[in-house]
Amino acid sequence: MEAAAGIYARIMFPDAVSSADPLLSDLQKAMLDATPDCIKVVSTDGKLLTMNRAGCLALNVDENAGFGMPWLPLLPEEVHPAGAEALRAAASGQTARFPGKSISPKGTIYWDNLLTPLVDADGQVLSILCVSRDVTEKTLLERQLEEAVERETLLAREMRHRIKNLFSVVSGLVAIAEREANSGNASIPVTQILGEKLAALSRASDAVFAQDSAKGCDAAPIDVATIIPSVLQPYGDRCTIAGPTALIRREAMTTFALFLHEPATNSLKYEALSKENGNVAVRWLASEDTLDLTWTETGGPQILAPPERAGFGTEMVDRVVRSARGVINREWRTDGLFVDLHFPRFADSQVRTISSASQATQKSH
């Protein structure tokens, strides 16, 4: 654009700069009006001396206005600081540049503004030539590229995070399965125990990925109403579930699936699901930032007293829930086990972001 500025300057001042305010002939004016660039001559104190047709249209100024008005107030207020700094630099004899924008019926237009000081033979700045070029397409493409790079970066981080979590989860499940297989109350092979736990996680993951495909989003929060039935699917109508749509942060999916699988496994071995008429009811409610879920067993063997000690799987689930800032309580009632889980749906910043997005969506409909 520097070359274009030189050409415009020679058109306006063919014999060299000798005055601050150019007096343009009809031919000179026609030549300047033929370009889509916005061409302005501004005084050193920021007054608009003359401007071509493209500039008048961009700044909504009448071509016959006579000019002489301050230039910067014609620009959006948010670009005033950068414009004022560039104007000061040009008034002191330096070429300056700043990004600008204007609002038109077609939308926002982004400009690249080049300020070139016009000096006399003694080096004194008489006025300033400002050439503004529409760079909207380039600006939007650059933003799209930045957003695409950011999405790819987030996706790569998410994949690394998931792979790391996968190894951690499998390692933990192997430890749980080994402890359960080696306990005095178990006669099931470790491979079978591990397989059942992995199958529960697989069903939950399948449900989540299906939800992702439907929504076209890989990093969005997930709905517990999708996870719960997928994990409890092997127990059929022995498990009844009820609750509203409730989103939780994606990284909590594994914790949630393990929490559900553990009492289901224990119930199948020792409690309600071990009896023909035993049943489990899972209910949940969601507030802005917390999920409250209850697990209630009925129809199982009568519970006379809580177990003397918690199994390794139960302890592991408790630690995982605590690490996710959740709270879990168990009551061994006479008619069956009752579990109450309080689980944070999102981090504080996520709550604010999702709440704002939800409000915006509601306003748009």
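One-based numbering along the sequence shown. Only a predicted model underlies this, so the values are computations on that prediction, with no experimental measurement involved.
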Kindly give the heavy-atom pair with the smallest separation between Val125 and Ser92, and that separation in Å.
CG2-C, 4.4 Å

Nearest-0.5 Å distance, OG1 of residue Thr296 to CG of residue Asp335
9.0 Å

Assess whether atom CG of Asn60 is packed by more than 12 heavy atoms of other residues, nucleotides or ligands within 6.0 Å.
no

What are the two closest non-hydrogen atoms of Arg283 and Thr240, and how far apart are they?
NH1-O, 3.4 Å

Beyond-backbone contact of Ser127 with Thr44, side-chain heavy atoms, under 4.5 angstrom:
no

Smallest heavy-atom separation, Gly278 atom then Arg238 atom, equals O-NE, 2.7 Å

Can you measure from OG1 (Thr294) to CG (Asn329) and round to the nearest 0.5 angstrom?
12.5 Å

Pairing of Glu147 and Arg143 as salt bridge, 4.0 angstrom limit:
no

From Glu85 CD over to Phe98 CZ, what is the distance, rounded to the nearest 0.5 angstrom?
10.5 Å

CG of Leu59 to NZ of Lys40, rounded to nearest 0.5 Å, is 6.0 Å

For Arg133 against Asp37, the heavy-atom pair lying closest together
NH2-OD2, 2.7 Å

Please give me the minimum heavy-atom distance between Ala96 and Ala90, naming the atom from each residue.
CB-N, 4.5 Å

Donor-acceptor contact present, side-chain Asp134 to main-chain Thr136, <3.5 Å:
yes

Separation between CG of Leu273 and CG of Leu232, rounded to the nearest 0.5 Å
9.0 Å

Path from Leu293 to Val321 over hydrophobic side-chain contacts below 4.5 Å
yes

Find out if a path of hydrophobic residues (ILVMFWY) with successive side-chain heavy-atom gaps under 4.5 Å connects Trp284 to Val339.
yes

Do you reckon Leu72 sits in the same ILVMFWY cluster as Phe67, going by side-chain contacts under 4.5 Å, direct or chained?
yes

Do Met51 and Cys38 touch side chain to side chain, with heavy atoms closer than 4.5 Å?
no

So, Ser132 and Asn113: side-chain donor and acceptor under 3.5 Å apart, yes or no?
yes

Can you hop from Val79 to Val61 via hydrophobic side chains spaced under 4.5 Å?
yes

Which distance, rounded to the nearest 0.5 Å, do you find between the OG1 of Thr50 and the CD1 of Ile39?
10.0 Å

Side chains of Ile303 and Arg333, heavy atoms from C-beta outward: is any pair under 4.5 Å?
no

Determine, step by step, whether Leu260 and Ile228 satisfy the side-chain contact (heavy atoms from CB on, under 4.5 Å) criterion, reporting the C-alpha distance in whole Å, the side-chain angles of both residues, the deciding distance to 0.1 Å, and the verdict.
CA-CA 7 Å; Leu260 292 168; Ile228 293 174; 3.7 Å; yes

Hydrophobic clusters here meaning ILVMFWY residues chained together by side-chain heavy-atom distances under 4.5 Å, can you tell me if Ile328 and Phe338 are in one?
no

Does any N or O in the side chain of Arg53 come within less than 3.5 Å of the main-chain N or O of Glu63, such that one atom is a donor and the other an acceptor?
no

Return yes if some donor-acceptor pair links the side-chain N/O of Asp292 with the main-chain N/O of His342 below 3.5 Å, else return no.
no

Matching residue for Leu115 among Val42, Val131, Ile128 - test: side-chain contact (heavy atoms from CB on, under 4.5 Å)
Ile128

Any idea which heavy atoms bring Leu291 and Ala286 closest together, and the distance?
CD1-CB, 4.3 Å

Any side-chain heavy-atom pair of Glu142 and Val135 under 4.5 Å:
no

